[in-house]
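Quick note on labels: first sequence line is chain A, next is B, and so on, each numbered from 1. Below, all heavy atoms of this structure are taken into account, side chains as well, without hydrogens, waters or symmetry copies.
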2 protein chains.
Amino acid sequence: MEQLRETLKGHHLRTTTCREDVLLTFMNKKNALSHGDLEGALGENYDRVTIYRTLKTFLEKGIIHKVLDDEGLRYALCSHQCSEEKHQHDHIHFKCNECGKTNCLENLHIPNVALPAGYQPESFNLLIQGKCPECLGNN
Amino acid sequence: MEQLRETLKGHHLRTTTCREDVLLTFMNKKNALSHGDLEGALGENYDRVTIYRTLKTFLEKGIIHKVLDDEGLRYALCSHQCSEEKHQHDHIHFKCNECGKTNCLENLHIPNVALPAGYQPESFNLLIQGKCPECLGNN
DNA sequence: AAAAACACTGCAACATCGTTGCAAGTGTTA
DNA sequence: TAACACTTGCAACGATGTTGCAGTGTTTTT
Ligand SMILES: [Mn+2]
Ligand SMILES: [Mn+2]
Ligand SMILES: [Zn+2]
Ligand SMILES: [Zn+2]
């Protein structure tokens, strides 16, 4: 609980109950969340628009990052110290086609790619889809 | 023009003007297109819904594939012989943050990744964002 | 302590995106 | 020709995302 405020303070954001709850939701569920997921979890307490704006703010401040998906955008916590200036990610995301959950594989890095001459890379997003360990166990 | 009908026939689809025009649009513009792009190009000739359905059909038949994006889904032609049964892609996509265009780098393959035990991969999507050769030239 | 400036939220209104059902039209098959 | 299957447009709807504004609460300044 106190850690939440630390995180917000650390990114120069005021502590509000909506921000605390959104942050808490990300920490409880460990997989990537869509706006709809958050609205489902917190929609009775906060307006849709407020949740959108909270996500936008968290993105800008480096608290969460986008997770590409084949059916809609999701978001996940930045584990390392991202800030408003530097938003660096090079880890892999895995989406299970069975349970539908998408997770950050934080310690699995995207391999280097030798781009053709003239391309200047700035950021990378690798999504691997398949079956997750849990779903493979239950069958 | 005749090649269009070949492609449609080859995937067991009737030749219709909408399908021809959508296919033609993909071949003319070389970058990945969103539904909105197609609606902008063909919207006066065909209903929005028809374009949605055409995209869905092309996806199922293996004529186009999804291209993940940080602001919305796009689609691009499958260059190799994808079919209704087998939809295999392992090439890299590049999105230019300057001009906004996303392209298939057909002959640049996604490197192998050693997933942790228990994960069963099925498909891969790698999007690299940065500046494209054209935009780097013009400045 | 009071005033001014700023930040956050909810609400309404709107725009875009995507899906579904149905009826009419067109092509294919028998 | 008659039956059938596929394709399209239209209408209606639901989901997703954005913007402006007014009310409230915080922070900063005087
Ligand atoms: Mn991640
Ligand atoms: Mn591609
Ligand atoms: Zn799973
Ligand atoms: Zn460019």
Side-chain polar contacts of residues 52-63 of chain A - donor-acceptor pairs under 3.5 angstrom, sequence neighbours left out - could you list them?
| residue | atom | partner | partner atom | Å |
| --- | --- | --- | --- | --- |
| A/T54 | OG1 | A/T50 | O | 2.7 |
| A/T57 | OG1 | A/R53 | O | 2.8 |
| A/K61 | NZ | A/E84 | OE1 | 3.2 |

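- A straight line from OH of B/Y52 to C1' of D/dT8 spans 17 Å, rounded to a whole angstrom.
- Aromatic ring pairs are classed by plane angle as parallel below 30°, tilted from 30° to 60° and perpendicular above 60°; the pair A/H65 and A/H91 is perpendicular.
- One interatomic measurement links the two molecules: CD1 of A/I51 to P of D/dT18, which rounds to 14 Å at whole-angstrom precision.
- At whole-Å resolution of the value, CG in B/D37 and P in C/dG18 are 11 Å apart.
- Toward the 5' end of DNA chain D, the nearer of the two residues B/V49 and A/V49, judged by each one's closest nucleotide, is B/V49.
- Spacing between atom CD of B/E39 and atom P of C/dA15 amounts to 15 Å, rounded to whole angstrom units.
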- Given A/T25 and A/N28, is the side chain to side chain donor-acceptor pair (under 3.5 Å) satisfied, shown in steps? CA-CA 5 Å; A/T25 307; A/N28 286 344; over 6 Å; no
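- Taking atom CZ of A/R5 as the reference point, atom P of D/dT26 lies 12 Å away to the nearest angstrom.
- The line from CG of B/L33 to OG1 of B/T102 is 10.0 Å long, rounded to the nearest 0.5 Å.
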Using nucleotides 3-9 of chain C, report all nitrogen or oxygen pairs with the protein that are shorter than 3.5 Å.
| residue | atom | partner | partner atom | Å |
| --- | --- | --- | --- | --- |
| C/dA7 | O4' | A/R14 | NH1 | 3.2 |
| C/dA7 | O4' | A/R14 | NH2 | 2.9 |
| C/dC8 | OP1 | A/R19 | NH1 | 2.6 |
| C/dC8 | OP1 | A/R19 | NH2 | 3.0 |
| C/dC8 | O5' | A/R19 | NH2 | 3.4 |
| C/dT9 | OP1 | A/T16 | OG1 | 2.9 |

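- The CD-P distance, from B/E71 to C/dT16, rounds to 15 Å in whole Å.
- Rounded to an integer number of Å, the gap from B/R48 CZ to C/dA15 P is 14 Å.
- Using a 4.5 Å cut-off between side-chain heavy atoms of Ile, Leu, Val, Met, Phe, Trp and Tyr, with links allowed through other members, B/L126 and B/Y75 fall into different hydrophobic clusters.
- For the salt bridge (Lys or Arg N to Asp or Glu O under 4.0 Å) condition, the pairs that include at least one residue of residues 91-111 of chain B, sequence neighbours left out, are B/D69-B/K95, B/D70-B/K95, B/E71-B/K95.
- B/F58 has its CZ atom 10 Å from the P atom of D/dT7, to the nearest Å.
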